[in-house]
Participant: 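Below is one structure. I have some questions about it.
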Amino acid sequence: MIETVHVPLGERAYDVRIGPGLLERAGAEVAPLLHRPRVWVVTDATVGPLHLDTLRAGLAPQGITLEALTLPAGEATKSWPHFETCVDWLLEQRVERRDIVIALGGGVIGDLVGFAAAVLRRGVRFVQIPTSLLAQVDSSVGGKTGINSVHGKNLIGAFHQPSLVLADTALLGTLPRRDLLAGYGEVVKYGLLGDAAFFDWLEVHGPKLADGDMADRIAAVRRSVEMKAEIVVRDETEQGDRALLNLGHTFCHALEKATGYSDRLLHGEGVAIGCALAFELSSRLGLCSQEAPSRVRAHLKDMGMRCDLADIPGDLPGAEALVDLMGQDKKVLDGKIRFILARGIGDAFVTSEVPCDEVLRLLNDGLTGR
Ligand code: GLY
């Protein structure tokens, strides 16, 4: 039941292994990468107690020992102080250039540990063991690593590809439903940006997948990772096509900043709302039919997900302030905000030619619940 998606990036190529039970057989998976039978694992205070012992036991048959650092759980960990703790710990542990560091956790741990691995001794290898759906389908694959700044999300970082990704789909069973559905926001994104047939499939299989169907979970993770790998191979450092993966993210990053990266809005929830806004904007600009945004919102609602600005609890800043927050996005080019819009479901494209007043109108309508 284990599937493999290869990411063919020349000397930085690696496999993404997908299926249940990978944590239990981590030793067999990781051993070919090791020069000595030791690994250093960085995890967080939620994931560590759930999965660290299983990982330790999974490494033991190959005689591999682990040392672990546990950081606090939550987005606030993706910051300079925790990054410093992580790098200093790896140095104290005398991790060498040829060693392997393991990121065991969701997107926060994967991004932070990947960045630590990128700069430690000018680059050590690392393995991603993503434990959330969001990390399995998106953040663990493709080599984007980094931390947040007071100026915005993910503004400090490096491209550093992992040497292996172990996406153990059995671990998704320990996720709270809200986190699982937030990760599903990224799954839907892949269908919307480039595979209409996958979106059709999700409309049928999404509810079963959310309720725990393992075959559907594996299929959704595999297709998402395949699509991500294809795009990353075409454009590893986001000079062009890779920006498609940011469908919904220009809106999402502004909303996350406006809600203080808090529990009010999880990243994947922001992506889902952002995708719905991107399709609504595309329709208003005459790029796609009105049916497309209706279908996007209908599927998100069917899954029990948030899809409107009005679904975010508490106050939001006005439309102009939100557009201002979008201006800090990494996708800004020559002062123009780049949007990912769509000609239809499965047909997204990147553009900087979006009239600002149309974006303001869209946000105003959303904020006033129209
Ligand atoms: N999460 C978007 C990317 O990896 O490019």
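Please read all numbers here as calculations on a predicted model, not as lab measurements. Ligands are counted one by one from 1 in listed order, and the atoms in each one are counted from 1 as well. Numbering starts at 1 and runs along the sequence shown.
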Participant: Is any N or O atom of D138, backbone or side chain, closer than 3.5 Å to an N or O atom of ligand 1?
Facilitator: yes
Participant: Polar contacts were defined as any N/O atom of the residue lying under 3.5 Å from an N/O atom of the ligand; does this apply to N246 and ligand 1?
Facilitator: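 It does not: no N or O of N246 is found under 3.5 Å from an N or O of ligand 1.
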Participant: Can you tell me the protein heavy atom closest to atom 5 (O) of ligand 1 and the distance?
Facilitator: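 Nearest neighbour among protein heavy atoms for atom 5 (O) of ligand 1, to 0.1 Å: R242 NE, 2.7 Å.
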Participant: Hey, what do you get for CZ (R242) to NZ (K144), rounding to the nearest 0.5 Å?
Facilitator: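 Answer rounded to 0.5 Å: 5.0 Å.
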Participant: Roughly how far, to the nearest 0.5 Å, is the CD1 atom of I156 from the CG atom of D111?
Facilitator: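 Going from the CG atom of D111 to the CD1 atom of I156 covers 12.5 Å.
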Participant: Regarding atom 4 (O) of ligand 1: of the candidates E236, E238, K228, which has the closest heavy atom?
Facilitator: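 Answer by nearest heavy atom: K228.
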Participant: What about H249: any of its N or O atoms under 3.5 Å from an N or O on ligand 1?
Facilitator: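 N/O-N/O distance under 3.5 Å: no.
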Participant: Between CD of Q136 and CD of Q128, what distance do you get to the nearest 0.5 Å?
Facilitator: 11.0 Å
Participant: F349 ring centre to R343 NZ or CZ under 6.0 Å, with the angle to the axis within 45°?
Facilitator: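 Geometry flag: set, cation within 6.0 Å and 45°.
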Participant: Answer yes if the side chains of E186 and H267 hold a donor-acceptor pair under 3.5 Å, and no otherwise.
Facilitator: yes
